[in-house]
Amino acid sequence: MSRARVARRIAAGAAYGGGGIGLLGAAAVGVLLAEVRLAKRSVGGGVAPLPPAADGLYGRGYGGGAEPLRLALLGDSTAAGQGVRRAGQTPGALLASGLAAVAERPVELRNVALPGARSDDLERQVTLLLAHPGRTPDVCVIMIGANDVTHRMSATQSVRYLATAVRRLRTAGAEVVVGTCPDLGTIEPVYQPLRWLARRVSRQLAAAQTIVVVEQGGRTVSLGDLLGPEFAANPREMFGADNYHPSAEGYATAAMAVLPTLCAVLGVWPEEERLEADRREGMLPVAKAAAEAVEEAGTEVTGARAPWALLKHRRRRRLPSVQEPAPLPDVRP
């Protein structure tokens with residue numbers, strides 16, 4: 001069965017309350033989980049530091065008193081920035097600084113992502129973000145999925161939780177960009193045939209995530225092999241101390257891939273919204289677009305007239321240097 005058909009079945013099961021549709025047998029998942037655990041402590045034996053707090057105001061010199069854009073990050077350790085030691089190296093700080101530079105406007109960052117989180121934690125994270133109605137984010141970036149694969153959550157359940165989170169955020173008025181499940185086949189110490197199996201499972205989940213996100217009015221960016229061929233070519237430079245989470249260079253590569261879509265969804269990206277055939281962009285059925293997007297990291301999928309979606313490869317820009325953020329006001333009740 002093609003990846004597009006499997007992804008559509010998973011998405012349909014999530015939408016209509018079907019039973020759990022898995023991507024791996026229990027035995028295979030158990031072996032994969034053991035391999036991932038081994039990968040996290042084998043080569044180099046390093047331990048990733050806890051993610052540094054990066055919440056605050058970025059781009060203070062822009063805007064001349066304009067109201068800051070509100071950016072929120074949700075998801076797992078990749079969204080939180082686990083693996084680096086400085087706030088400015090986290091994906092949230094990089095995206096906030098990049099968005100401020102493109103929009104020429106300050107950006108207020110709030111990150112509620114939790115290391116180790118699975119998609120069922122998104123309900124808590126969304127509730128936390130929406131607890132203050134007057135401070136609803138303008139745009140949210142979600143990075144989730146890897147822990148769903150390694151902890152045996154069915155793909156149907158996984159995408160159901162994600163769809164609910166996107167729907168709640170969109171209903172509240174926030175734009176949503178989802179970085180889909182990364183390619184677990186890039187974890188260096190995982191060997192064949194498990195490397196192939198990990199790649200197949202994570203890409204299948206990523207395709208299903210794309211379908212449900214687009215159907216709820218969000219956009220997706222394929223994280224693929226953790227956002228770019230640099231990981232495959234330079235794994236020891238692009239992974240962090242634990243050989244599992246990205247390094248500072250890896251997170252910068254990730255942010256450069258997500259930033260164009262983040263800016264475009266707010267209408268501040270300087271490219272025209274037109275498709276370029278020479279960049280293999282086009283309008284496809286959403287399941288087909290989802291299946292093609294996982295083949296190339298950084299590919300954006302956004303909804304068009306149902307059941308069609310736009311497949312786009314936006315040009316990346318170098319990220320600006322990140323300064324220490326100004327603290328956010330205390331909004332606790």
* Look only at the side chain of Arg110 and the backbone of Ala72, and say whether a donor-acceptor pair between them is shorter than 3.5 Å. => no
* Structure fact -> When rounded to the nearest 0.5 Å, the distance separating OH of Tyr161 from CD1 of Ile144 is 12.0 Å
* To do: Answer yes or no: is there a side-chain heavy-atom contact under 4.5 Å between Thr90 and Tyr251?
  => no
* same_hphob_cluster(Leu284, Val221) at 4.5 Å side-chain heavy-atom cutoff -> no
* Common cluster, Leu129/Val213, ILVMFWY with side-chain heavy-atom separation under 4.5 Å -> yes
* Are any of the side-chain nitrogens in Arg105 or Glu67 under 4.0 Å away from the carboxylate oxygens of its partner? -> no
* **Ion pair Glu281/Lys312, N-O distance below 4.0 Å** => yes
* Asked: Is the shortest heavy-atom distance from the side chain of Arg219 to the side chain of Glu300 under 4.5 Å?
  -> yes
* To do: Determine whether the side chains of Arg203 and Thr180 contain a donor N or O and an acceptor N or O closer than 3.5 Å.
  => no
* Going through the checks in order, is the side-chain contact (heavy atoms from CB on, under 4.5 Å) test met by Arg170 and Glu175? -> CA-CA 6 Å; Arg170 294 289 293 130; Glu175 300 289 348; 3.5 Å; yes
* Are Arg118 and Asp121 close enough for a salt bridge, meaning some N to O gap below 4.0 Å? -> no
* Asked: Which heavy atom in Ser97 sits nearest to a heavy atom in Tyr58, and how many Å separate them?
  -> OG-CD2, 3.4 Å
* To do: Over all heavy atoms of both residues, which pair between Pro51 and Ala80 is shortest? Give the atoms and the distance, please.
  => CB-O, 3.3 Å
* **Expected output: side-chain Asp55 to main-chain Asn111 donor-acceptor under 3.5 Å** => yes
* Asked: Hey, mind stepping through Leu122 and Ile142 against side-chain contact (heavy atoms from CB on, under 4.5 Å) and telling me if it holds?
  -> CA-CA 9 Å; Leu122 290 175; Ile142 303 175; 4.1 Å; yes
* Asked: For the side chain of Ser222 and the backbone of Ala293, is there at least one donor-acceptor N/O pair under 3.5 Å apart?
  -> yes
* Let me see the working for Leu311 and Glu292 under side-chain contact (heavy atoms from CB on, under 4.5 Å), right down to the final yes or no. => CA-CA 8 Å; Leu311 190 75; Glu292 291 203 10; 3.7 Å; yes
* Asked: To the nearest 0.5 Å, what is the distance between OG1 (Thr210) and CG (Leu162)?
  -> 9.0 Å
* Do the side chain of Thr127 and the main chain of Glu123 share a donor and acceptor less than 3.5 angstrom apart? -> yes
* To do: Check whether Val214 and Trp308 end up in the same hydrophobic cluster, where Ile, Leu, Val, Met, Phe, Trp and Tyr are linked by side-chain heavy atoms less than 4.5 Å apart.
  => no
* Just how far is it from atom CG of Leu130 to atom SG of Cys140, taken to the nearest 0.5 Å? -> 7.5 Å
* Output the distance between atom CG (Leu205) and atom OG (Ser119), rounded to the nearest 0.5 Å. => 7.0 Å
* Asked: Is the shortest side-chain N to carboxylate O distance from Arg135 to Glu108 below 4.0 Å?
  -> yes
* Of all heavy-atom pairs between Ala93 and Ala87, which one has the smallest distance, and what is that distance? -> CB-O, 3.1 Å
* **Identified side-chain contact (heavy atoms from CB on, under 4.5 Å) counterpart of Leu99 within the set Asp138, Leu94, Leu69, Leu109** => Leu69
* Asked: Is there a side-chain contact between Val107 and Leu57 (heavy atoms, below 4.5 Å)?
  -> no
* **For Val294 against Ala206, the heavy-atom pair lying closest together** => CG1-CB, 3.6 Å
* Asked: How about Pro91 and Thr78: do any of their side-chain heavy atoms sit closer than 4.5 Å?
  -> no
* To do: Please examine the side chains of Val112 and Leu73, heavy atoms only from C-beta on, and report whether any two atoms are closer than 4.5 Å.
  => no
* Asked: Would a 4.5 Å heavy-atom cut-off, applied to side chains only, mark Pro115 and Gln82 as touching?
  -> yes
* **Spacing of CG belonging to Asp120 relative to CZ belonging to Arg160, to within rounding of 0.5 Å** => 12.0 Å
* Can you find a heavy atom in the side chain of Leu74 that is under 4.5 Å from one in the side chain of Val126? -> yes
* Asked: Is there a donor-acceptor contact under 3.5 Å from the side chain of Gln209 to the main chain of Val159?
  -> no
* With hydrophobic residues grouped by side-chain heavy-atom distances under 4.5 Å, do Val301 and Leu266 end up in a single group? -> no
* Linking I/L/V/M/F/W/Y whenever their side-chain heavy atoms sit closer than 4.5 Å, directly or via other members, would Leu114 and Leu128 fall into one cluster? -> no
* Structure fact -> dist Leu71:CG -> Leu95:CG (nearest 0.5 Å) comes out at 6.5 Å
* Pair Glu296-Thr299, side-chain contact (heavy atoms from CB on, under 4.5 Å): steps then yes or no -> CA-CA 6 Å; Glu296 185 173 347; Thr299 303; 3.6 Å; yes
